[in-house]
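Each ligand, and each atom within it, is numbered from 1 in the order the structure gives.
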Amino acid sequence: MSQQVITPELSEWISEQTRAGHTSEAVLAAMLSSGWDERVARDALSRTLGQTAALTPPPGATSMPEPDLSRFTPVVNAGDRDVKVLMVLRQPRVVLFGGLLSDEECDEMIAMAGKRLARSETVATGTDGSEVNAARTSDGMFFERSENDLIRRVEARISTLVRWPLDYGEGLQVLRYRPGAEYQPHYDYFEPSHVGTPNILKRGGQRVGTLVLYLNTPTEGGSTIFPDIGLDIAPVKGNALFFSYDRPHPSTQTLHGGSPVVQGEKWVATKWLRQGVFV
Ligand SMILES: O=C(O)CCC(=O)C(=O)O
Ligand SMILES: [Fe+2]
């Protein structure tokens, strides 16, 4: 079957129908009855109409974490802090926030995490650990959810920002990449066909969103890349990258990775968001 493409003519037709007073739901129904694939049709509507498309979710779809960007303000309030909106992509949903964390909060998180990384390192390697080749060559640790004042404060801020219950989030994972270390492109959702996935899903369902907090600014390299869409995000201390995916499928175009660090270290804290309460 040939691939269905969103042409300028299709976008113009959608705009015309909307100007003529037809609701987005009615335009979607018309597209489906003339043979459009539902996903392509929904994509075309949201690309053409943006947030005004306001479609009800497809059957079986869950609600999603989503910051309130409806007012196009340069900052959004995240409870105890105003966060800058630096970049917004509709499809796939990717938002880059500025100043989600203060410099002091980043430093404090690195200091707390660093002590625990050191332990796992002694087991991991006898060399200086600066050159390894696996898909993920960083060192990591998890904070318990609400583990201490700083973690609680940051988690509450994230929950307010992306409008997702705090207890739907996994504990923050901190990763440290040294020069040469990378995280090869991957999806954050759990692959439905893997044997272990049903068990993992018992603890809160699928992952539906990711927030990567940059805890420092590497001197060179280490950008977060989205190969499917040619997007590169520079890691900058205090900034945070949000993306969401409404199904565990490559069509979400959320393939992403951490490109190799060239100079300096890169530290990130990742918050993965589940469909339900993470236990
Ligand atoms: O380090 C990065 O830029 C990406 C991290 C990431 O993909 C993850 O933690 O799932
Ligand atoms: Fe990831």
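In this structure, Trp272 contributes its side chain and Val208 its backbone to no donor-acceptor pair below 3.5 Å. A donor-acceptor pair is defined here as one N or O able to donate and one able to accept, closer than 3.5 Å; such a pair exists between the side chain of Ser34 and the backbone of Ala30. A donor-acceptor pair is defined here as one N or O able to donate and one able to accept, closer than 3.5 Å; such a pair exists between the side chain of Glu147 and the backbone of Glu144.
Geometrically, Lys266 engages Tyr177 in a cation-pi contact defined by less than 6.0 Å to the ring centre and at most 45° from the axis.
Of the candidates Arg207, Lys271, Arg203, Glu170 forms a side chain to side chain donor-acceptor pair (under 3.5 Å) with just one, namely Arg207.
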### Task
Assess whether salt bridge (Lys or Arg N to Asp or Glu O under 4.0 Å) is satisfied between Arg145 and Asp167, documenting all intermediate values.
CA-CA 8 Å; Arg145 211 168 44 205; Asp167 59 3; 5.7 Å; no
Give every pair made of an N or O atom of ligand 1 and a protein N or O atom lying under 3.5 Å apart, one pair per line with both atom names and the distance to 0.1 Å, or write 'none'.
from     : atom 1 : to     : atom 2 : distance (Å)
ligand 1 : 1 (O)  : Tyr177 : OH     : 2.6
ligand 1 : 1 (O)  : Lys266 : NZ     : 2.9
ligand 1 : 3 (O)  : Thr224 : OG1    : 2.5
ligand 1 : 3 (O)  : Lys266 : NZ     : 2.7
ligand 1 : 7 (O)  : His186 : NE2    : 3.1
ligand 1 : 7 (O)  : His256 : NE2    : 3.0
ligand 1 : 9 (O)  : Thr270 : OG1    : 2.8
ligand 1 : 10 (O) : His186 : NE2    : 3.4
ligand 1 : 10 (O) : Asp188 : OD1    : 3.2

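Below 30°, between 30° and 60°, or above 60°: for Phe97 and Phe242 the angle between ring planes is between 30° and 60°, a tilted geometry.
The distance cut-off of 2.8 Å around the Fe ion (ligand 2) captures these protein N, O or S atoms, sorted by chain and number: His186 NE2, Asp188 OD1, His256 NE2.
Counting only heavy atoms from C-beta outward, the side chains of Asp246 and Thr252 approach each other to under 4.5 Å.
For Asp139 and Arg116, the salt-bridge test fails: no basic side-chain N is under 4.0 Å from an acidic carboxylate O.
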